[in-house]
Amino acid sequence: MESIIRIENLRKVYGGETVLHIPQLELKAGESFGLVGNNGAGKTTLFRLLLDLIAPDEGTAYLQEVPVKTDESWKHFTGSYLDEGFLIDYLTPDEYFNFIGKLRGLSAAEQTEQLARFGDLFAGEIRGKKKYIRDLSKGNQKKVGVAGALLGNPDILLLDEPFANLDPSTQFQLRDMLHQLDQETNITLVISSHDLNHVTQFCQRIAVLDQGELVKDIRTSDQTLPELESFFMEKIRGEG
Amino acid sequence: MYATLFKHKWKQTLRSGFMRQNWGVKILLGFLVLYFGLIFLALGILMPELLEEIHGEGDVLGYFAQYVFYYVLVDIAARYMLQDLTVLSVQQYLILPVRKSKLLHFLLQSSIFNFFNLLPLLFVIPFAFRGVAPAEGVIQAVLFSVGMLGVVLCDHYLAIYLKRIAAVKFYVFLVALVVIAGLLVGQNLNWWSLYPVSRFTFGPLAQNYYAWLVPLLPLASLYRLNYAFLKRFTHLDQWQKQAKEVSENRFAYLEKKGLYGAMVANELKLITRNKRTKGVLFSGLFLAAYGLIFYGVDTYREGYGWLLFAGIFMTGVMMINYGQFLVSWESSYFDGILTRNFSVKQYYRGKFWLLATMVLVMYIITLPYAFFGLKALWINTAAMFYNLGVSTVILLFASTYTKKPIDLSKGAAFNYQGTSATQFVITVPLLLVPILLFQGFNLLGAPIWGLVTIGSLGLINLAFLPYYLQETAKNFKEKKYQKAAGYRQK
């Protein structure tokens with residue numbers, strides 16, 4: 001089967017120091033891929049390379065076999081939310097959704113339907129409120145970003161730390177929602193998180209990034225959480 | 001306590017964003033300060049001769065007093081637009097054991113130390129000694145300077161009061177604008193004369209020993225007024241703007257017009273919902289009056305060169321003011337733009353429509369210049385086509401090189417964030433080239449052909465728009481990583 005995300009010998013160097021080097025990585029369509037690692041391990045760098053926001057010093061990243069650096073067509077089937085830098089902060093959430101919906105070619109009815117599944121998550125604080133995105137709380141901004149990334153049912157969804165800044169209830173809601181999405185559709189999810197519990201609960205595959213290298217790449221099982229815990233504990237001891 | 005506060009204020013100034021500007025901007029600003037300082041100084045020293053030149057021998061002090069009211073009006077308008085409100089953010093002091101009233105007094109008093117208060121003294125004091133002293137004696141000259149300082153400070157506190165109040169109530173701004181502009185325009189069109197009023201009010205300052213006491217009364221009242229206003233707003237939640245309901249429908253019509261309509265609508269929202277861009281918009285509208293300077297003077301009105309300059313400038317100013325920071329305005333969500341599903345070429349086509357709209361709007365606003373004769377219409381039309389076809393393309397291409405972020409929430413006046421050499425370089429082809437080209441024809445005695453050439457240049461260039469957009473997109477793709485990296489550094 002053709003891989004939906006493929007990385008060939010990808011390397012990023014800052015000031016002579018390699019911050020990310022992945023010789024080979026392939027994801028199959030429908031897979032959910034969790035990315036864990038400490039601060040500075042290279043998670044955001046990897047996302048940015050996949051989205052062509054930074055240029056690799058070596059190698060290529062492909063989304064559905066489209067080389068992202070030279071061909072823009074990946075934008076049509078890729079949804080992403082890394083940080084507030086993706087939100088147009090002087091729009092209201094509704095205006096923002098309309099804009100994205102328009103870009104994705106959604107009819108008004110389709111858009112309403114697709115946003116309806118966020119009803120619980122939004123908790124009545126996002127839609128129909130005439131407030132600019134910049135005036136929302138961090139948590140609500142994140143909800144807008146994630147919902148916007150999912151508009152138009154992309155084949156690939158990239159989320160950097162989607163659980164950070166969310167209150168406990170919302171974290172569980174979002175986790176269940178992503179889980180359901182993973183089960184019911186053929187979407188490919190790539191999600192980074194500092195919360196080992198969340199990712200191990202629904203990602204089929206988990207990779208550990210450490211100092212720019214993929215040091216572990218595991219199929220999730222009962223053993224995964226303890227294995228990850230001991231890995232990160234080891235790191236503290238190793239450094240201490 | 002005051003000493004400590006002043007020390008903090010001093011550090012705030014030294015460590016502010018302004019001081020961290022790059023050297024090019026600092027040198028430019030330093031040059032401007034020096035330039036205006038010297039002009040004012042020269043004005044003060046030569047004032048007696050200047051007044052005699054205009055009005056003939058005689059009552060120099062009276063002539064001077066005629067203009068003071070005029071000066072006061074212009075000064076208030078200029079301060080309103082350019083002078084920053086001194087906000088030593090008192091927030092961090094409110095929880096410390098310092099009396100609130102002390103903080104407020106400090107806030108108001110420290111605002112005096114300002115370039116705009118120094119500038120008038122540069123011509124008042126020399127004039128006091130060259131104009132007042134010979135006629136009325138040195139003591140009167142000193143008292144006159146003190147009195148004028150009082151007037152200047154009245155200006156100062158009136159302007160900051162207006163500005164503070166207008167931040168809460170926008171109509172105050174409009175009323176002040178209409179009153180001041182009305183008085184000045186009426187004066188220029190000879191509907192009325194401010195001179196006798198001014199002479200009556202300010203004349204005694206130079207001739208009466210006790211007149212300097214008079215400005216103190218309005219000064220004290222204005223100070224109290226400012227103080228009372230601030231006093232009402234010392235709780236944090238009052239400073240926060242009430243998150244008022246925002247209107248979403250204003251650009252609904254455009255949004256229905258396909259992808260480019262939606263893009264232009266978005267950018268219009270950017271402009272109308274952020275402070276600095278709003279400033280750019282208003283200054284653009286304001287500068288539509290720039291042509292009056294040239295059309296009001298016979299020698300200019302009969303020629304062509306200056307009128308064409310005015311035409312190019314007026315139809316282009318809004319586009320240039322906004323367009324020189326194109327894409328940088330969107331620096332805070334640039335990563336988002338790069339991942340959204342439109343192509344770079346489409347993105348730039350949307351930008352072109354925006355710039356074109358600005359040119360057309362300014363063209364329509366400046367149509368009334370046709371009252372000065374149809375010539376004005378031809379000139380502005382040629383200028384409009386040049387801006388539409390040539391300047392837009394240059395601004396679009398130049399925008400691929402900018403990589404300095406802009407914080408939209410900061411005001412426009414004296415805000416040089418995002419400024420780099422690019423902005424200075426591009427004004428050459430935008431303003432200088434068409435003028436020089438035209439002057440070639442003008443000197444040969446064929447100004448009409450000059451206009452035709454400039455206009456057609458714009459039209460022909462417009463036909464190649466797809467090619468230019470393609471080249472711009474190509475360059476953008478090469479530069480975008482650097483650009484994105486630059487924008488992420490806030």
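So that the names make sense, note that chain A is the first sequence line, chain B the second, and so on, each numbered from 1.
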If you apply the rule side chain to side chain contact (heavy atoms under 4.5 Å, CB included), what do you find for A:D52 with B:L338, and how did you get there?
CA-CA 8 Å; A:D52 192 35; B:L338 292 180; over 6 Å; no
Take A:E72 and B:N341 through the test side chain to side chain contact (heavy atoms under 4.5 Å, CB included) and record every step on the way to the result.
CA-CA 8 Å; A:E72 291 184 69; B:N341 59 326; over 6 Å; no
Chi angles and distances behind the side chain to side chain contact (heavy atoms under 4.5 Å, CB included) call for B:R340, A:K75
CA-CA 6 Å; B:R340 233 147 255 155; A:K75 293 177 181 175; 6.0 Å; no
Side chain to side chain contact (heavy atoms under 4.5 Å, CB included) for B:M263 and A:K102? Distances and angles first, verdict last.
CA-CA 10 Å; B:M263 283 175 162; A:K102 183 158 207 164; over 6 Å; no
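At a 4.5 Å heavy-atom cutoff, the contact between B:F334 and chain A is made by backbone atoms alone. For a residue to count as touching a neighbouring chain, one of its non-hydrogen atoms must lie under 4.5 Å from one of that chain's; by this rule B:K480 touches chain A with the side chain only. With a 4.5 angstrom heavy-atom cutoff, A:L91 touches chain B via backbone and side-chain atoms both. Residue A:N98 does not touch chain B at all, counting heavy-atom pairs closer than 4.5 Å. Both the backbone and the side chain of A:R104 come within contact range of chain B, judged by heavy atoms closer than 4.5 Å. Only the backbone of B:K256 comes within less than 4.5 Å of a heavy atom in chain A; its side chain stays farther off. For B:K483, no part sits under 4.5 Å from any heavy atom of chain A, backbone or side chain.
Here the shortest heavy-atom pairing between B:Y333 and A:L87 reads CB-O, 3.1 Å.
For the set A:Y81, A:W74, A:F86, the entry with the most heavy-atom pairs within less than 4.5 Å of chain B is A:F86. The candidate with the highest count of non-hydrogen atom pairs below 4.5 Å against chain B, out of A:I54, A:L51, A:I88, A:L82, is A:I88.
Residues A:K69 and B:Y481 are in side-chain contact: their nearest non-hydrogen atoms beyond the backbone lie under 4.5 Å apart. Counting heavy atoms from C-beta on, the side chains of A:E84 and B:D335 never come closer than 4.5 Å. Residues A:L53 and B:T339 have side chains in contact (heavy-atom distance under 4.5 Å, counting atoms from C-beta outward).
Taken to the nearest 0.5 Å, the CZ atom of A:R134 stands 10.0 Å off from the OG atom of B:S332.
The 12-atom threshold is not exceeded at CD of A:E113, counting heavy atoms of other residues, nucleotides or ligands nearer than 6.0 Å.
Using a 3.5 Å distance cut-off with no hydrogens or angles, the side chains of A:Y90 and B:N266 do not pair a donor with an acceptor.
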